[in-house]
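Here the structure is laid out as structure tokens; the discussion comes afterwards.
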Amino acid sequence: MCKGLAALPATCLKSAKDMKHRLGFLLQKSDSCDYSSSQGKKEKMPSGQRVSQEEVRKWADSLENLIHHDRGLAAFRAFLKSEYSEENIEFWVSCEDYKKTKSPAKLSPKARKIYDEFISVQATKEVNLDSCTREKTSHNVLEPTLSCFDEAQRKIFTLMEKDSYRRFLKSPYYLDLVSPPGAGCGPENCKRSHTHSLDCNSNIISQCA
């Protein structure tokens, strides 16, 4: 049995000290552990906004609840970006902004910009619309009104609701936010890695005895 730190071999003390530093690093890292940081470059959530667990759970009730909340919209946008389909939510947001246009003189240039970016066959972020809706929207843009994108926006909303929204609710982008407070990192493998580190530390100390 060890009778004190002075009685331990130098190599044993060094191993135990190294493990202590590693364990401290892992525990510190766990405080800020989240899915987005571990997955490389992803869109950051609004850092200054706090969202309650009750509010986060409401996001699972409907896509409308999700994207009408700033934090929910940011999380969903980051998820779509990971699937390379962020053009859908960007189009929806652009349509929402367009409908708030107060100056009639700005309708035409803003409508043309949305059309060129999301609807034209040469659009850089073309959304998936059927030919009938695309043709009707193209006609609407010639004499734009606040509602000229309504049908196209509804189609894209329905597409997201039936497809990507359902996958979002099963992804860490949502599950990490809806996990109960005090659950640590959320993913079970994160907890297991910390437990494994504790076991390794115990094994090294026991070998010194």
*If a pair satisfies ring pair (Phe, Tyr, Trp, His ring centres under 6.0 Å) and one of its residues is in residues 117-138, list it, with sequence neighbours excluded.*
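Matches after skipping sequence neighbours: F91-F118.
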My understanding is that only residues two or more places apart in sequence, or in another chain, count here; which of them pass side chain to side chain contact (heavy atoms under 4.5 Å, CB included) with [X]?
X: S85; result: L80, E83, E87, N88
X: E64; result: S62, H68, F157
X: Q122; result: S120
X: S131; result: none

*Residue pair E86 / K81: nearest heavy atoms and the distance that separates them*: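 Reported closest heavy-atom pair: OE1-CA, 3.5 Å.
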*Between I67 and I89, which heavy-atom pair has the shortest distance, and what is it?*
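Between these two residues, the closest heavy atoms are CG2-CD1, 3.9 Å.
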*Tell me, which pairs form a salt bridge (charged side-chain N to carboxylate O under 4.0 Å, His left out) where one or both residues lie in residues 113-124, sequence neighbours left out?*
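Residue pairs passing salt bridge (charged side-chain N to carboxylate O under 4.0 Å, His left out), neighbours aside: R112-D116, E117-K125.
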Residues forming a side-chain hydrogen bond (donor to acceptor under 3.5 Å, both in side chains) with [X], sequence neighbours excluded:
X: T101; answer: K110
X: N128; answer: none
X: K99; answer: E96, Q153
X: D61; answer: none

*Under the side chain to side chain contact (heavy atoms under 4.5 Å, CB included) rule, what do R77 and V93 come out as? Steps first, then yes or no, please.*
CA-CA 10 Å; R77 190 196 294 264; V93 170; 3.9 Å; yes
*T158 side chain to R154 main-chain N or O, any donor-acceptor pair under 3.5 Å?*
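Here the side-chain-to-backbone pair exists.
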*Y165 (side chain) donor-acceptor with A60 (main chain) under 3.5 angstrom*: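 Such a contact is found between Y165 side chain and A60 backbone.
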State, with a plain yes or no, whether a side-chain heavy atom of [X] is found less than 4.5 Å away from one of [Y].
X: M160; Y: F168; result: no
X: F79; Y: R167; result: yes
X: R57; Y: V178; result: yes
X: W59; Y: L177; result: yes

_CG-CD1 distance between L129 and I156, expressed to the nearest 0.5 angstrom_ =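 Going from the CG atom of L129 to the CD1 atom of I156 covers 4.5 Å.
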*Report the distance from atom NZ of K155 to atom OG1 of T137, rounding to the nearest 0.5 Å.*
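K155 atom NZ to T137 atom OG1 measures 8.5 Å (nearest 0.5 Å).
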Using a 3.5 Å cut-off and no angle test, enumerate the donor-acceptor pairs between side-chain atoms of residues 138-151 and protein atoms at least two apart in sequence or in another chain.
unit_1	atom_1	unit_2	atom_2	d
S138	OG	Y115	OH	3.1
S138	OG	R134	O	2.8
N140	ND2	K136	O	3.4
N140	ND2	C148	O	3.1
T145	OG1	S147	N	3.4
T145	OG1	S147	OG	3.3
E151	OE1	K136	NZ	2.9

*Go through the structure and list residues passing salt bridge (charged side-chain N to carboxylate O under 4.0 Å, His left out) with E135, not counting sequence neighbours.*
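Counting only residues at least two positions away or on another chain, E135 forms no salt bridge (charged side-chain N to carboxylate O under 4.0 Å, His left out).
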*Test log, rule side chain to side chain contact (heavy atoms under 4.5 Å, CB included), inputs V56 and Y174*: CA-CA 8 Å; V56 173; Y174 176 70; 3.7 Å; yes
